[in-house]
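These notes are about the structure you will find just below.
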Amino acid sequence: MVRFYNTLTKKKEDFYPIEDKIVKMYTCGPTVYDFAHIGNFRAYVFEDLLHRFLEYIGYKVIRVMNITDVDDKTIKGAKKEGISLKEYTDRYIKYFLEDINTLRLKKPDFMPRATEHIKEMVELIKKLLNKGYAYYKDGSIYFSISKFSSYGKLSGIDLSNVKIGASVDADEYEKEDVRDFVLWKKAKEEEGVYWDTEIGKGRPGWHIECSAMSMKYLGETFDIHTGGVDNIFPHHENEIAQSESATGKKFVNYWLHCAHLLVNGEKMSKSKGNFYTLRDLLNKNYNPVAIRYLLLSTHYRDPLNFTEQSLRQAENTVRNYNEFYKGLNICASEKYNQMIKQEIEKAKKGFIKELSDDLNISSSLSSIFNFIKTVNIFFSKGEFGKENVKEVKEFMEDIDRVLCIIERKEEFLPEEILDLIKEREKARKDRDFEKADKIREFLKQKKIILEDTPYGTRWKKLD
RNA sequence: GGCCUGGUAGCCAAGCGGGAAGGCAGCGGUCUGCAAAACCGCUAUUCGCCGGUUCAAAUCCGGCCCAGGCCUCCA
C-alpha cells in the first residue's frame, strides 16, 4: 500500500486514486521569466520521483505541469528587452526544457501555457460570477473569500490573523476586502498585454490558470497536486477556493508539498550571492547526474541544505554506483550463483516498500547499497557468472526507471591500447611483473586505470 | 506577533516507544606478485539543551536554544 503525507489532512494516508490504476497529477510549473534555480529543481526532482515511482509500481500517470507565461515578471522582463511577451517567454521555456533534460526529469504529459488557455479561464471566471463568488471592481474581477466558508483548510491559516495591509497589493487595484484575490486584471495600457474577452479587457490573475488548466486536462476532481511549501498559501488555498466554488466538488484528494532547499544553511537569495542555477553548477563542471542524485536523496518533506561539498559527495556516490554497474561486465564465467536471484528479490522488495512509505528515498537506497555490497562479496570471491551479471544489471536498469542515475555512455579504447592491456596480461602470466607494472603505469599516465579481477583485467577511464 | 518544519558521527542522511540503516571522507587489516577494486574492522555508550511520563525515549509531553519557512502572486 502506498502512503503519502497529505497537507490537507496533515497526516499520512493510504493512497487510493479515483480510477483504479490511473493517477491524475498536477504540478505547479515555472514562471518563465528567468533561468530556474536549483531550489526550483528540488521541487521538480521530487515530483519526478513521485511520477516515476507511481509508474514503476504499475500506475498509469497522467500528469500536467503548467507554464506561467504571463504575469507581472514576464511582462516586465519582455518590456525591458523590448521584445514581445511570447518571444521572451519562449526563450525561457526552451531553457527550462533543456534543464529538464539535463536532470533527466520525465516530461509531463501536458505542459499547458497560461496564454493558450485564456478561454478556459474566462469560462471558469464566468461561472464564479454567475454563482456569486466573484465580483467586479473597477474593471477587475475578484474572488470573495468570505463566500467560501472552508477557506484556509489547506494552509490552516486563520484569516483573522492575516495582517491586513502587511504587503502592499502589487497591482494596486481596489478590492472589497483586502484578503480577496484577483481572478482577472483589468487591462493596463502601459503593459500592452491583455485579452479582449466577454468578461472584459484584461489578463488572468495567477491562481486561476492552475484551476482552469488542471480541470481541463484532469477533470474537476483529481488525485494529486504538488508544489513547494511556499505555494500552500495563498496559491493552493486559492485554487481550492475558486475550483470548489465553481464545481461544487472536491478539487484534489492528495496535496503533496516539498520543503525548501537552503544553501549553506541559508535561504538562497541573489543578494547573498548564494544563488545557483543549474547552469552555474554545470559551468563549474559538476556532474548533472550527481545534482539529480543530491536533490533526490533527501526526503522531500525535509529541508535540504545544499553545499558544494555535499554535491562532491554525491558525485562520488554516483561514480561508485556506476563503476559497480559497469565493472561487472568483465565476468564471463559460466558459473551461476543461485543466491543472486534471492538478493535481487530482497532488494527490490525493500526498494518498493520504503518508497511506498511517503517516498522514503533514503531507506530505499540503503536497500540498494546493501544489495551492492552482497553482490560484491560474491563477485570478488569468484562466485559469480555472466548470467548473474545479466540479472544484476537488469535489476539496476529496472530501478533506474525511478532513480535515473546510471550513466550509459559507452567507452572505447583504441586498438593499440587494448593490445597493450593484453600484452600486460601475458606478462603477468609469465610473471614478468616489471613489464606488467610498466604498462600499468604508462596507461595510468593516460588516465586509464587497470584493475585485476578473478575474471581478468578490467579498465576504466578517469574523467 | 500567529502558524509550521528541522537540529542524529568529520560531512550527508534514515529511524519516530524496546538492537543507532545507508552514503561520502578517513584510518587499520584481508585479498593481491605489487596495486587498484572489493571485503572486514574502527570512527555516535549516544541522537541541540534541560526537565517530565514510562519497566523502557533519538522517538511521547513541557520548557529553552539554534536554523529555516509561510502570513496575498517565491518551488
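Naming convention: chains lettered A, B, ... in sequence-line order (proteins, then strands); numbering from 1 in each chain.
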Determine, for [X] against [Y], whether the closest basic-nitrogen to carboxylate-oxygen distance falls under 4.0 angstrom.
X	Y	result
A/Arg104	A/Asp48	no
A/Lys348	A/Asp398	yes
A/Lys94	A/Glu98	yes
A/Glu191	A/Lys185	no

Ignoring hydrogens and angles, does a donor from either the side chain of [X] or the base of [N] sit under 3.5 Å from an acceptor on the other?
X	N	value
A/Asn305	B/rG68	no
A/Arg440	B/rA35	yes
A/Asp452	B/rC34	yes
A/Gln309	B/rC11	no

Side chain of [X], heavy atoms from C-beta onward: which of [options] has the nearest atom to it?
X	options	answer
A/Thr317	B/rC74, B/rC24, B/rU72	B/rC24
A/Gln313	B/rU72, B/rG68, B/rC24	B/rC24
A/Thr298	B/rC71, B/rA75, B/rA14	B/rA14
A/Phe369	B/rA75, B/rG22, B/rA25	B/rG22
A/Glu451	B/rA37, B/rC70, B/rC12	B/rA37

Whole-angstrom distance between B/rG41 and B/rC47, as gauged at atom P: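 About 25 Å, rounded to a whole number of Å.
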Ring geometry between A/Phe222 and A/Tyr26 (parallel below 30°, tilted from 30 to 60°, perpendicular above 60°): tilted
Can you check whether [X] has a side-chain N or O nearer than 4.0 Å to OP1 or OP2 of [N]?
X	N	value
A/Lys444	B/rA36	no
A/Asn360	B/rG15	yes
A/Asn316	B/rA25	yes
A/Lys73	B/rC74	yes
A/Asn320	B/rC24	yes
A/Asn376	B/rA38	no

